[in-house]
There are 2 protein chains.
Amino acid sequence: MQNQGLAAPSLSSENLLFLTDEQVRKGIEAMFFAYRGFTADPDRILENYAYGRAHHRAIHFISRAPGTTVNNLLEILGVTKQSLNRVLRTLVDDGLVDSRIGTRDKRERHLYLTEKGNALEQELSEAQRTRMRAAYRAAGPDAVQGFRTVLEQMMDPRMRRLLSTMTSIGN
Amino acid sequence: MQNQGLAAPSLSSENLLFLTDEQVRKGIEAMFFAYRGFTADPDRILENYAYGRAHHRAIHFISRAPGTTVNNLLEILGVTKQSLNRVLRTLVDDGLVDSRIGTRDKRERHLYLTEKGNALEQELSEAQRTRMRAAYRAAGPDAVQGFRTVLEQMMDPRMRRLLSTMTSIGN
DNA sequence: TTGGAAAGTCAACAAGACTGACATAAAATG
DNA sequence: CATTTTATGTCAGTCTTGTTGACTTTCCAA
């Protein structure tokens with residue numbers, strides 16, 4: 001177990017207060033409630049389609065990285081292939097996702113959103129972006145910078161790497 | 001649908017960039033990955049006890065507000081009472097939670113952690129706090145302030161009120 | 001005092017995670 | 001060329017955690 005800062009010599013008294021269990025706990029609870037808000041709008045929309053959060057996640061990342069393979073998506077989502085397969089199957093069957101056999105490596109399936117899939121993706125992400133945008137605007141640019149910084153520190157390093165490669169493609 | 005800022009006259013060019021769909025989308029993905037990190041440590045611990053995240057949440061908020069009623073907890077957790085009841089039953093049966101019939105209103109149950117329940121709560125929250133603390137320390141005080149501000153803006157107003165009353169008790 | 005509302009409990013079901021076993025096809029390797 | 005590894009898909013079964021519906025007990029107000 002690490003030294004948790006109570007006796008750390010390099011911290012200012014402001015930092016000592018800032019790192020009290022109480023303060024950290026507030027952050028934990030804020031994270032819990034905020035995540036509920038974060039998923040609330042897409043969840044509401046998904047009810048109309050008989051899809052769930054799992055479908056949303058798949059659609060999101062296929063939209064983000066078109067042509068991604070199943071294996072790649074597995075890595076990003078952190079679920080088992082059986083679990084992802086169930087979701088993908090329904091999305092392919094319903095005509096929202098196109099699964100194309102790889103040209104170089106025919107074992108691979110490359111995933112793309114169809115027009116229909118893209119429409120749902122737009123609907124979902126627009127709802128989610130609207131909330132985020134409102135929060136960002138209310139909080140201001142500096143707060144957003146801090147928000148992003150703390151989130152990056154919270155995730156596992158592996159996910160942090162994954163996120164940075166993903167955003168460098170997408171930008 | 002609201003004006004999303006692209007033509008908003010009061011925004012600086014820095015803000016225009018800052019509010020691009022791409023930037024917002026990065027935030028969404030960061031939130032997703034960070035939440036995974038956020039729950040990873042408690043989840044690992046819970047495996048040893050045959051409990052899940054739902055048990056953790058109940059334990060957390062009972063610890064936070066000892067003597068809270070089932071109804072109150074329902075409000076905080078945002079699940080159905082039947083769902084919460086299953087979790088509470090196992091916790092009571094296993095001797096982690098004490099459920100006392102209300103004195104004023106005998107319909108109510110007031111919930112308390114037992115010594116055993118407190119021990120698990122400590123183990124779980126210490127693991128979670130350790131990660132949060134590390135993230136906070138790496139990000140710095142200003143970033144943490146921004147983090148908290150954005151999270152509060154992201155949650156539903158009802159939850160924001162709930163959080164503020166909760167923290168005013170706990171502090 | 002009685003009927004409705006509120007708090008909590010029990011039962012059954014569904015979504016979405018999991019593990020394990022197995023199949024197929026293609027690529028990589030000796 | 002034979003063997004092994006990799007990528008994907010599938011079937012079956014389990015677990016957690018959410019849901020709805022039906023029920024009991026308790027309280028309160030008409």
Side-chain angles (χ1 to χ4, degrees), chain A residues 32 35-36 39-40 42-60 62 67-94 97-112, chain B residues 32 35-36 39-40 42-62 67-94 97-112 124:
Chain A
F32 171 67
Y35 199 78
R36 276 244 293 276
T39 56
D43 283 356
R44 240 188 313 276
I45 293 168
L46 288 160
E47 278 175 19
N48 306 324
Y49 295 88
Y51 294 137
R53 219 175 271 181
H55 301 84
H56 180 195
R57 291 195 285 260
I59 287 173
H60 175 99
I62 292 172
T68 187
T69 63
V70 173
N71 239 1
N72 202 264
L73 205 48
L74 241 35
E75 177 92 339
I76 291 169
L77 297 176
V79 297
T80 60
K81 63 174 178 172
Q82 295 92 327
S83 196
L84 177 57
N85 188 253
R86 180 167 8 98
V87 168
L88 282 180
R89 205 189 316 160
T90 69
L91 291 175
V92 169
D93 288 351
D94 294 354
V97 168
D98 195 6
S99 171
R100 304 185 202 151
I101 294 175
T103 47
R104 275 208 322 254
D105 188 333
K106 290 179 187 168
R107 291 172 305 180
E108 293 180 339
R109 301 299 133 95
H110 296 276
L111 304 169
Y112 300 87
Chain B
F32 171 67
Y35 199 78
R36 276 244 293 275
T39 55
D43 283 354
R44 240 189 312 276
I45 292 167
L46 288 159
E47 279 175 18
N48 306 324
Y49 294 89
Y51 294 138
R53 219 175 272 180
H55 301 84
H56 180 196
R57 291 197 285 259
I59 288 172
H60 175 98
F61 286 107
I62 293 171
T68 186
T69 63
V70 173
N71 236 5
N72 202 264
L73 206 48
L74 241 36
E75 177 91 341
I76 292 168
L77 297 176
V79 295
T80 58
K81 61 179 176 172
Q82 294 91 330
S83 191
L84 174 58
N85 187 254
R86 181 165 4 96
V87 167
L88 283 180
R89 201 191 318 158
T90 69
L91 291 175
V92 169
D93 288 352
D94 296 354
V97 167
D98 195 6
S99 170
R100 302 184 204 153
I101 294 175
T103 47
R104 276 209 319 255
D105 187 334
K106 289 179 188 167
R107 293 172 302 179
E108 293 180 340
R109 303 298 131 97
H110 297 275
L111 304 168
Y112 300 87
L124 291 168

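This is a predicted model, so every value here is computed, not measured.
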Peer 1: Would you mind telling me which residue lines up with the more 5' stretch of DNA chain C, His55(A) or Lys81(A), judged by nearest nucleotide?
Peer 2: His55(A)

Peer 1: Expressed as a whole number of angstroms, how long is the span from Leu84(A):CG to dT19(C):C1'?
Peer 2: 16 Å

Peer 1: Tell me which residues in residues 99-106 of chain A put a heavy atom below 4.0 Å from DNA chain C, sorted by number, or none.
Peer 2: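 Those residues whose heavy atoms fall under 4.0 Å from DNA chain C, taken from residues 99-106 of chain A in numerical order, are Arg104(A), Asp105(A), Lys106(A).
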
Peer 1: Using the heavy-atom set of chain A and a strict 4.0 Å cut-off, write down the first and last nucleotide of DNA chain D that makes it in, 5' to 3'.
Peer 2: dT6(D) to dC11(D)

Peer 1: Looking only at heavy atoms, which two atoms of Gly102(B) and His110(B) are closest? And how far apart?
Peer 2: CA-CD2, 3.4 Å

Peer 1: Contacts to DNA chain D from residues 69-77 of chain B, heavy-atom cutoff under 4.0 Å, which residues?
Peer 2: none

Peer 1: Determine: side-chain N/O of Arg107(B) to OP1/OP2 of dA5(C), distance under 4.0 Å, yes or no.
Peer 2: no

Peer 1: In whole Å, what is the span from the CG atom of Asp43(A) to the P atom of dA15(C)?
Peer 2: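 Value for this atom pair: 15 Å.
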
Peer 1: Judged by modelled atom types alone, do Asp94(B) and Tyr49(B) share a side-chain donor-acceptor pair under 3.5 Å?
Peer 2: no

Peer 1: Any base atoms under 4.0 Å from Gly78(A), or only sugar-phosphate, or nothing? Heavy atoms, all strands.
Peer 2: sugar-phosphate

Peer 1: Does dA17(C) have OP1 or OP2 under 4.0 Å away from a side-chain N or O of Thr80(A)?
Peer 2: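 Negative; the distance criterion is not met.
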
Peer 1: Mind calculating the distance between CD (Glu47(A)) and C1' (dA14(C)) to the nearest angstrom?
Peer 2: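 Rounded to whole Å, this separation is 14 Å.
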
Peer 1: Nearest-nucleotide wise, let me know which of Arg86(A) and Gln82(A) is further upstream toward the 5' end of DNA chain C.
Peer 2: Arg86(A)

Peer 1: Answer yes or no: is there a side-chain heavy-atom contact under 4.5 Å between Arg89(B) and Asn85(B)?
Peer 2: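 Yes - at least one pair of side-chain heavy atoms lies under 4.5 Å apart.
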
Peer 1: Once you round it to whole Å, what is the distance between C1' of dG16(C) and CZ of Arg89(A)?
Peer 2: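 So the two atoms are 13 Å apart, to the nearest Å.
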
Peer 1: Looking at Asp98(B), Leu91(B), Val92(B), Leu88(B), which hits side-chain contact (heavy atoms from CB on, under 4.5 Å) with Leu111(B)?
Peer 2: Leu88(B)

Peer 1: What is the distance, to the nearest angstrom, from the CG atom on Asn85(A) to the P atom on dG16(C)?
Peer 2: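 After rounding, the reported distance stands at 14 Å.
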
